[in-house]
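Residues: numbered from 1 along the sequence shown. Note that ligands are numbered from 1 as they come in the structure, with each ligand's atoms numbered from 1 the same way.
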Amino acid sequence: MDQLYEAAKKVLPNAYAGYSKLHVAAALKLKNGDIITGVNVENASFGLTNCAERTALFSAYTQGYRKEDIEAIVVTTNKDDIISPCGACRQVMGELMEPEAKVHLISANGKRQTLDNKELLPFAFQKEDL
Ligand code: THU
């Protein structure tokens, strides 16, 4: 997990977050040992912003990985309090990661909280509902 945290911290300066100034980085640990990172990318049209978690997940899927390949995600920021994934990210994480995948939330000063992905969005809308 420390290796994952280091990978997230390494890309944190790449966050494109001039509007909110909240820099967020995510790092996915794959079962094959690979790590895939993402940062938040903001836009002057604020609603078009992409969160770090979704950037990392979409990148993993672009590379051909699927939910069964993903073991854990670390989410870290430039703030001293941990942040919890937003609702949009929870919805995406619910579909693109396994229920048992670990979600590690780590603040800039090292506070940590770990949850199972399935704890983030109970009673979610799912593809089975279509
Ligand atoms: N943000 C993330 O990257 N992940 C989250 O789970 C919460 C919010 C970003 C989006 C936006 O760039 C900034 O944080 C402020 O909302």
Quick check for you: to the nearest 0.5 Å, what is the distance between Gln126 atom CD and Glu128 atom CD?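 If I round to the nearest 0.5 Å, the distance is 5.0 Å.
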Nearest 0.5 Å, please: how far is CD in Glu119 from CZ in Arg90? 10.5 Å
With heavy atoms of [X] as the reference, note each atom of ligand 1 found under 4.0 Å away.
X: Pro85; result: 6 (O)
X: Ala52; result: 2 (C), 3 (O)
X: Glu42; result: 11 (C), 12 (O), 13 (C)
X: Ser20; result: 13 (C), 15 (C)

Considering only non-hydrogen protein atoms, determine which one is nearest to [atom] and report residue, atom name and distance to 0.1 Å.
atom: atom 4 (N) of ligand 1; answer: Glu53 OE1, 2.8 Å
atom: atom 9 (C) of ligand 1; answer: Asn40 ND2, 3.6 Å
atom: atom 14 (O) of ligand 1; answer: Leu22 CD2, 3.5 Å

For atom 16 (O) of ligand 1, decide whether some protein heavy-atom distance is shorter than 4.0 Å.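 Neighbour list for atom 16 (O) of ligand 1 is empty of protein heavy atoms (cut-off 4.0 Å).
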With a distance cut-off below 6.0 Å to the six-membered ring centre and an angular limit of 45° from the axis, does Lys21 pair with Tyr19 as a cation-pi contact? no
Among Asn40, Thr76, Thr55, Val39, which one satisfies side-chain contact (heavy atoms from CB on, under 4.5 Å) with Val24? Asn40
The single option from Leu96, Ile36, Asn117, Leu57 passing side-chain contact (heavy atoms from CB on, under 4.5 Å) against Ile70: Leu57
Is there a donor-acceptor contact under 3.5 Å linking the side chains of Asn43 and Ser45? no
Cys51, portion touching ligand 1 at heavy-atom distance under 4.0 Å: both
